[in-house]
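Only one structure is covered here, and it is reproduced in the block below.
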Amino acid sequence: MSDKSKSSKISGFYKLPVEKRIEIVKDFSDLNEDEIKLFSSCLDMGIANRMIENVLGTFELPLGLAVNFKVNGKDYLLPMATEESSVVAAASNAAKIARINGGFKTECTDPLMIGQIQILHMADVAGAAKKIMSKKKEILYLANEQDKVLVKFGGGAKDVEVRILDSPLGKMIVTHLIVDVRDAMGANAVNTMCEALAPMLEEITGGKVRLKILSNLADKRIVKAKAVFDKKKLGGEHIVDAFLESYNLAVVDPYRAATHNKGIMNGIDSLIIATGNDFRAIEAGAHAYASRTGQYTSLSHYYKDKNGDLVGELELPMAVGIVGGAGNIHPKAKLCKKILGIKTAQELAEVVVSLGLAQNFAAVFALSTVGIQKGHMSLHAKNIAVMAGAQGNEIDKVANQMIKEGKIKLDQAEEILKEIR
Ligand code: MEV
């Protein structure tokens, strides 16, 4: 486990050979030799075969490490599983700038998930809704009977809400069961409770229960992250202004907001995947939350403070777990959680949202200044060189030559490779 005295601020991490990088993580997170071996191993076929159906093999993604993160005064190294170049470097750079003003500060709600139970075919819908609310105590009792371990740890069903909805099929009720899922993502606990409540709700309402499933719009499980980005480090107050001009397009235009929020998810998903969490659930929740006013908009919010520095804030639902699910089966996900040194699901959620903010800041900063292609160039050029057939030190030679000539194209790479050989 990483301790408070260890710093995640590491200059030139990207320049080090892989072995040296692993040494640094080993020291930071107290990894043992077996854990170190996991970095270069594939998921065991037996485990894969138990995780999903019809298994043929495993599918690898690069696992990188974002450095420089400080969240609520604690230093973190963040494992990121992603196929996209520049993402890890951009997050690390943003975290370095945020550190100048103390890093990321976060707040979060209790880990409350919503389970939905849909009820149809009632003669008196309003009366049925009232009857449900009058039986709240009995409903919560039966729900909590389904998961005594969760209740023992301070979680469990906490509240009931009823909504009456007009649909093309007529009026229907959706009952919301609010469940504190503690350190779990919560899907299993919530779905089990909802299914167990169906007969009781049919009896109370005289209606027919159809859907019984959690909602991925986890808007009672919210994390907010905030950071102040130093104007001098950004290149002056005019750059802060340029940033705000770019950002404001995402506020008013869904076409831009989708891309802007995608940049946030570049960071979030990579840490969600590395810890074995459900990135589709997080994506669904994020985009639904971005539409909560009726117009799809930016998930992040930026403004200039009285010093002229740039303040960034990001708020979204974050349904992540550290117990149960794939994260407890997949050896590399377990390793990534150890690297993070997180102790609760809420701590993980706070780190994830801080990373989302860092990623978003980095993208909009690049877009407001030099553009993003410059940062993409080097790795992209190397990939094109490999596609052209370059091997060993030919890869760097071909890539560097293409960058120098400002032409990063497959035919160009093939031409240079021919000349070298
Ligand atoms: C690319 O993966 C993400 C960006 O498009 C995000 C953005 O435009 O803000 C660079």
Side-chain angles (χ1 to χ4, degrees), residues 14 61-66 68-69 78-98 104 225-229 233-235 239-274 279-280 282-291 295-304 310-316 318 352-384 403 408:
Y14 68 101
L61 278 177
L63 180 70
L65 192 80
N68 303 327
F69 273 82
L78 308 190
M80 298 176 71
T82 179
E83 88 300 343
E84 186 167 335
S85 66
S86 304
V87 164
V88 179
S92 302
N93 283 336
K96 193 170 165 189
I97 301 174
F104 299 86
K226 181 176 178 178
V228 178
F229 301 96
K233 198 71 197 165
L234 304 188
I239 303 288
V240 173
D241 293 335
F243 186 107
L244 290 172
E245 285 168 4
S246 303
Y247 152 69
N248 271 287
L249 182 57
V251 176
V252 294
D253 177 25
Y255 287 94
R256 171 58 200 153
T259 323
H260 178 94
N261 291 341
K262 190 271 183 183
I264 294 172
M265 303 316 285
N266 275 346
I268 288 182
D269 283 345
S270 61
L271 184 48
I272 292 294
I273 293 169
F279 64 93
R280 287 87 55 215
I282 301 299
E283 285 277 348
H287 296 291
Y289 198 64
S291 312
Q295 178 178 337
Y296 184 83
T297 184
S298 166
L299 280 164
S300 58
H301 174 57
Y302 290 92
Y303 56 94
K304 197 161 51 166
L310 179 72
V311 183
E313 293 174 348
L314 175 62
E315 172 184 320
L316 74 159
M318 196 42 64
V352 169
V353 177
S354 301
L355 173 57
L357 178 57
Q359 206 71 62
N360 179 232
F361 160 78
V364 179
F365 177 61
L367 288 166
S368 313
T369 52
V370 291
I372 57 154
Q373 286 310 96
K374 192 165 170 266
H376 272 290
M377 257 357 150
S378 162
L379 282 178
H380 177 61
K382 282 185 197 173
N383 284 334
I384 299 287
I403 291 171
I408 301 174

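Along the sequence shown, residues are numbered consecutively beginning with 1. Whatever order the structure lists ligands and atoms in, that order sets their numbers, starting from 1.
Contact annotation for Asn266 and ligand 1: only side-chain heavy atoms (C-beta onward) come within less than 4.0 Å of the ligand.
Distances below 4.0 Å separate heavy atoms of Lys262 from the following atoms of ligand 1: 1 (C), 2 (O). Atoms of ligand 1 lying under 4.0 Å from at least one heavy atom of Leu367, given by number and element, are 7 (C), 8 (O), 9 (O). Near Glu84, meaning under 4.0 Å from one of its heavy atoms, ligand 1 places the atoms 1 (C), 2 (O).
Nearest protein heavy-atom neighbour of atom 6 (C) of ligand 1: Thr259 O, 3.5 Å. Protein heavy atom in closest approach to atom 9 (O) of ligand 1: Arg256 NH2, 2.8 Å.
Note on ring orientation: taking the six-membered ring where Trp is involved, the planes of Tyr303 and His301 are tilted (angle from 30° to 60°).
Here Phe69 and Phe104 bring their ring centres to under 6.0 angstrom of each other.
A 4.5 Å side-chain heavy-atom check between Met265 and Ile282 finds at least one atom pair inside the cut-off.
Between the side chains of Asn360 and Tyr302, at least one donor N or O sits under 3.5 Å from an acceptor N or O. For the residue pair Ser85/His380, the side-chain donor-acceptor check at 3.5 Å is not satisfied.
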